[in-house]
Amino acid sequence: MKKTSINLIILFAVLCIFGCNKKENQSKTHPTSMENIQISEYGVTSKGDSIKKFTLTNKNGMKVEVINFGGIITSLTAPDKNGKYEDVVLGFTRPEDYFNGNSYYFGALIGRYGNRIANAKFTLEDKTYEVDKNDGPNSLHGGKEGFHTKFWNIEPVKDAKFPTLKLTYTSADGEEGFPGKLTTTVFYTLTDDDALEISYEAETDKPTVVNLTQHSYFNLSGNFTKTILDHELQINADKFLPVNETLIPTGEQKAVKGSPFDFTVSKPIGKDINADDDQLKKGKGYDHNWIPNGSGLRSIAKVYHPESGRVMEVLTDEPGVQFYSGNFLDGKFETKTGGKNELRTGFCLETQHFPDSPNQPSFPSTELKPGQKYQSKTIYKFSVKK
């Protein structure tokens, strides 16, 4: 055999060994995320539609369960100071309760427009649009048949570093009164540092308004019969939006300093919730939009539950966050831990643009035009304080 041929054979063998080792090392470093996604049957709607549940699991054992109805998060576990993972989001015990209204919006994706639009109408490019009036005189969370009632196409994302779901829904032009065909894509990613990352995208074929958010209720105790009044909350915001009698912002951006709305320093949610304050009376507690300091993806809020040691940090690139203290929970449904979902047994931190922005030019715009892409990101990160 010629020397040249021998050298080529040796070179080929070395390359094969290197390539195999590289492939093996990559496999060890980045295990396929698909192995950490399970798909199962969840329930059947009254119309006979089958609902599937997707369970994401990270290397620590944290789990997030999502169904393709409403993009709803039905369960999310987080560790306590003893390392015990427990479900920390409110939800129904029976699948049919999600399908038959879900007036609390438990765990749902919200659109087209999260929060309220005054008098259920707005003007865009000299044309007035009337949308569904489902909250007194106003429109709330996209209307009665908003995104929380829709079937989302869900598929696991192959080759993702962490278990990830891609959810898509196309809203027809005129759905719930909103203009334009809107295609929305949402990614749920569960990372190995116990964070749920939510990325939103949307595109339209006509000028429209878009304000997407996620409506999970949290109770870090893991016991949904307990109130959230002992949870210590910090919101990195110097201002909030006062509201009128129907919870529409007045347009004022008011300083929180010296008021019950000052969470710049961590304090129990229940400390000032019953204060003699006009805004608290209108909201029956906290149901207002704060204006987080800074811009871009930043930490805007942190919640600590002393008894369990659980901590939840919220990061977002949105200009606003709606803190809602569960003022309309009324005990009509059983919780997943027994008992009822009573008043203030859960709280929401809904990252979003401001309520009623289409009618208030001084607020950050929610208009989306053809050729533009709506993009937003929010992270709920869990840890422990011992």
Side-chain angles (χ1 to χ4, degrees), residues 70-72 100-106 108-150 169-184 200 202 204-215 240-253 279 281-289 318-324 327-328 330 348 350-369 374 376:
I72 293 170
N100 298 330
N102 191 10
S103 60
Y104 304 107
Y105 305 93
F106 280 151
L109 287 174
I110 302 298
R112 287 185 193 192
Y113 199 93
N115 218 307
R116 294 173 174 85
I117 296 178
N119 300 311
K121 64 174 63 176
F122 60 90
T123 300
L124 191 61
E125 297 192 344
D126 299 323
K127 183 175 181 180
T128 298
Y129 296 91
E130 294 188 4
V131 292
D132 186 44
K133 189 180 292 185
N134 65 323
D135 183 54
N138 307 318
S139 180
L140 175 64
H141 292 331
K144 185 178 180 181
E145 301 295 328
F147 287 5
H148 63 291
T149 69
K150 305 302 181 183
Y169 173 70
T170 298
S171 175
D173 182 14
E175 185 175 276
E176 294 297 276
F178 290 94
K181 176 184 175 182
L182 186 78
T183 300
T184 300
Y200 305 87
T204 184
D205 64 355
K206 288 183 182 179
T208 191
V209 294
V210 184
N211 192 21
L212 306 177
T213 192
Q214 220 290 334
H215 207 293
F240 80 106
L241 300 179
V243 296
N244 65 18
E245 290 75 10
T246 64
L247 302 183
I248 295 294
T250 62
E252 179 186 6
Q253 298 185 19
Q279 283 297 306
K281 291 176 182 177
K282 287 176 178 176
K284 300 185 186 302
Y286 297 108
D287 192 5
H288 298 74
N289 186 92
E318 287 283 358
V321 60
Q322 187 86 2
F323 167 46
Y324 171 54
N327 313 316
F328 298 100
D330 51 14
C348 301
E350 305 157 60
T351 57
Q352 57 188 9
H353 271 55
F354 300 172
D356 198 37
S357 290
N359 294 311
Q360 306 213 28
S362 65
F363 289 175
S365 176
T366 55
E367 183 178 355
L368 183 68
K369 297 180 179 180
Y374 173 104
S376 176

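The shown structure was predicted, so the numbers you read here are calculated from the model rather than taken from an experiment. Position 1 is the first residue of the sequence; numbering continues from there.
Of all heavy-atom pairs between Phe354 and Pro319, the closest is CE2-O, 3.4 Å. Taking every heavy atom of both residues into account, Asn359 and Phe122 meet most closely at OD1-CA, 3.4 Å. Across all non-hydrogen atoms, the minimal contact from Glu125 to Pro207 is OE1-CG, 3.5 Å. Between Glu176 and Gly146, the closest heavy-atom pair is OE1-N, 4.3 Å. Among all heavy-atom pairs drawn from Thr213 and Gly114, the shortest one is CG2-CA, 4.5 Å. What you find for Ser365 and Glu367 is that their closest heavy atoms are OG-N, 3.1 Å.
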- Full working for ring-ring contact (aromatic ring centres under 6.0 Å, His included) between Phe178 and Tyr113: CA-CA 9 Å; Phe178 290 94; Tyr113 199 93; 7.3 Å; no
- Task: In sequence, state the C-alpha distance, the side-chain angles, and the governing distance for Lys181 and Lys206, and then conclude on side chain to side chain contact (heavy atoms under 4.5 Å, CB included).
- Result: CA-CA 7 Å; Lys181 176 184 175 182; Lys206 288 183 182 179; over 6 Å; no
- Task: Could you go through the side chain to side chain contact (heavy atoms under 4.5 Å, CB included) check for Glu318 and Glu350 one step at a time?
- Result: CA-CA 10 Å; Glu318 287 283 358; Glu350 305 157 60; over 6 Å; no
- Go through Asp287 and Gln322 one step at a time and tell me if the side chain to side chain contact (heavy atoms under 4.5 Å, CB included) criterion holds. CA-CA 7 Å; Asp287 192 5; Gln322 187 86 2; 3.0 Å; yes
- side chain to side chain contact (heavy atoms under 4.5 Å, CB included) between His148 and Tyr104, intermediate numbers included: CA-CA 10 Å; His148 63 291; Tyr104 304 107; over 6 Å; no
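In this structure, CZ in Arg112 is found 13.0 Å from OH in Tyr374, a value given to the nearest 0.5 Å. With rounding to the nearest 0.5 angstrom, the CG atom of Leu212 is 10.0 Å from the OG1 atom of Thr351. To the nearest 0.5 Å, atoms SG (Cys348) and OH (Tyr286) are separated by 15.5 Å. Here the NZ-CZ distance, from Lys284 to Phe328, works out to 6.0 Å after rounding to the nearest 0.5 Å. Leu140 contributes atom CG, which lies 5.0 Å from atom CZ of Arg116 (distance to the nearest 0.5 angstrom). The structure places CD of Glu252 at 7.5 Å from CZ of Phe240, a figure rounded to the nearest 0.5 Å.
You'll find the side chain of Leu182 reaches within 4.5 Å of the side chain of Leu368, heavy atoms only. Counting heavy atoms from C-beta outward, Lys121 and Val131 have side chains that stay 4.5 Å or more apart. At a threshold of 4.5 Å between non-hydrogen side-chain atoms, the residues Pro249 and Phe363 count as touching. Residues Ile72 and Asn102 have side chains in contact (heavy-atom distance under 4.5 Å, counting atoms from C-beta outward). You'll find the side chain of Asn289 reaches within 4.5 Å of the side chain of Gln352, heavy atoms only. Side-chain atoms of Asp132 and Glu145, non-hydrogen and from C-beta on, never get closer than 4.5 Å to each other. Put simply, the side chain of Glu175 reaches to within 4.5 Å of the side chain of Phe147, judged on heavy atoms.
Checking side-chain atoms of Thr204 against main-chain N and O of Lys369 turns up no donor-acceptor pair under 3.5 Å. Between the side chain of Glu130 and the main chain of Ala120, no donor-acceptor pair closer than 3.5 Å is present. Remark: side-chain polar atoms of Asn327 are paired, donor with acceptor, to backbone N or O of Gly283 under 3.5 angstrom. At least one donor-acceptor pair under 3.5 Å links the side chain of Thr208 to the backbone N or O of Pro179.
Within a 6.0 Å sphere centred on NZ of Lys144, other residues, nucleotides and ligands contribute 12 heavy atoms or fewer.
Ring-plane geometry between His215 and Tyr105 is classed as tilted, the angle between the planes lying from 30 to 60 degrees on a 0 to 90 degree scale.
Under the 3.5 Å distance criterion, with hydrogens and angles disregarded, no donor-acceptor pair is assigned to the side chains of Asn211 and Thr366.
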